[in-house]
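Chain A is the first sequence line, chain B the second, and so forth, proteins listed ahead of strands; every chain is numbered from 1. Scope of the values below: all heavy atoms of this structure, side chains included, with no hydrogens, waters or symmetry mates.
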There are 2 protein chains.
Amino acid sequence: MSEGSKDTPRTRLDGEQTRRKILRVAERLFARDGYEGVSVRRITSESGVELSAVNYHFKSKENLFHSVLAMRVDAINRRRIALIGAVRPSEDVESSLRAILDAFCLPFTDPSSTEDLSNYRQLLAHVINTKRWQAKTFQHHFDPIVQMLIANVRQLVEFEDEEDVYWYISFFLGALANAFAETGRVDRISGGICDSSDLDRVKDKLIDFTVGGLMRNCRAGKGSSGAA
Amino acid sequence: MSEGSKDTPRTRLDGEQTRRKILRVAERLFARDGYEGVSVRRITSESGVELSAVNYHFKSKENLFHSVLAMRVDAINRRRIALIGAVRPSEDVESSLRAILDAFCLPFTDPSSTEDLSNYRQLLAHVINTKRWQAKTFQHHFDPIVQMLIANVRQLVEFEDEEDVYWYISFFLGALANAFAETGRVDRISGGICDSSDLDRVKDKLIDFTVGGLMRNCRAGKGSSGAA
DNA sequence: GTCTATAGCTTGATAGAC
DNA sequence: GTCTATCAAGCTATAGAC
């Protein structure tokens, strides 16, 4: 409460607060309706800030979109790197694989964080499935962490073809993005048996599925889950 | 040539031709930039038809979008039903599973058709990952065929939890939509080893992966690929 | 069934006072 | 850093001549 020279009760230097409010609302709207489906006006209107604030703080609508992604990606990927690095190698290949995939998903499913990542997850599904955003966004924000995941998987299992691991991890990423977007499809298809908002369960089932896909197609993989 | 009463050299009754041209261009643009990312003006401009033609033939932009989907979905699903129905039950569970999944993918990968379905596949990835299109589009066009796929899988394998088959098929669909959208991600990640435009290969690898995920997680599934 | 013209709004972005 | 006013462009949709 100081910094006021004499009496400036209104014009507080809360630019950072405005910036954050815009980011939060933009994330929610972009997640729901996509980049083109949201106007700057709607963002500022629902943020309770002026129209010109977006261009002042972010220079352009597209730059705002990138800022929205950057806000989450950095923290999540840092956490992934830490968790994957902390995985203790086990003599059981399947357990190790499971641990790696779990470490990759964990920051994404937001186990105990105060942040709500549901909008970010929806947004990711949009980005990962759009050709246009690949070069502009995905490549920069996600390629490195995906390469790290692949390197860790390759240390555990070997495949017939060199290309296999890229295909399988790519399928895993596609399934992951769609599953965590919580579109409600699996709830509807299953007649309510499945709950797509139960992220821990989604994660566990996805890992079961992925481990099966990897283990059954790796060298000497049809058999047991025993040591390599 | 005829149907002209006296001399009508210009006003040919080629409304159907105009309609088709609009549908074709709209599919391509919607696939690339999404529903909101495309204006009616761009569609008519690139189609070489008048702006008002869209509203004349399709009543509204949203109805055009649904028409674009309907154009492909019906034929593809009819083909799927025929192919799945023609699968001969084998004593080998894995082979049967593989045949079912192959029948589901085959019309989608367009093995020998004259139609180019690449835009449709991109569009599907957009629809399947967007919450908003679930009720409006996906439910009507895709739920029945997905239920049929699930019913066929359940006849072959049994899972610990009743919910499992819904989760796994949902993962399969998410991976499928993303893989066939040809975003170029797997090509980039693999350093060019994988070619996402080689649809037959994508299909085969996806089926390998999915069969692994299903077989390894079904009752008495860790073991061999032998008879049930 | 095509084409022109236009109504009525919304868009992203900026200039300039405060 | 906020706020008003505004621009130039684009938008969906329709009316009416042909």
B:S39 vs D:dC11: side-chain N/O to OP1/OP2 distance below 4.0 Å: yes
Separation of atom CZ in A:R19 from atom C1' in D:dT2, rounded to whole Å: 17 Å
Check: B:F30 and B:Y35 side chains under 4.5 Å, non-hydrogen atoms: yes
Rounded interatomic separation in angstrom, taking CD from A:E50 and P from D:dT6: 15 Å
Whole-Å gap separating P (C:dG12) and CG (A:L64): 11 Å
Exercise: identify the closest heavy-atom pair between B:V127 and B:Q134: O-NE2, 3.7 Å
d(CG, A:L29; P, C:dT11) in whole Å: 12 Å
Pairwise side-chain contact, A:R24 with A:M71, heavy-atom cut-off 4.5 Å (strictly under): no
B:T210 side chain reached by A:F171 side chain, heavy atoms, under 4.5 Å: no
Whole-Å gap separating P (D:dT12) and CD1 (B:I22): 13 Å
Whole angstrom value for the distance that separates P of C:dG12 from CD of A:E36: 10 Å
Interatomic distance, B:I43 CD1 vs D:dG10 P [rounded to whole Å]: 16 Å
A:Y168 vs A:L173 side-chain heavy atoms within contact, under 4.5 Å: no
B:R32/B:N119 under side-chain hydrogen bond (donor to acceptor under 3.5 Å, both in side chains): CA gap, chis, key distance, verdict: CA-CA 8 Å; B:R32 184 179 309 270; B:N119 294 319; 5.6 Å; no
Base-contact (B) and sugar-phosphate-only (S) positions in nucleotides 13-18 of chain D, heavy-atom cut-off under 4.0 Å, - elsewhere: BB----
Interatomic distance, A:H57 NE2 vs C:dG12 P [rounded to whole Å]: 18 Å
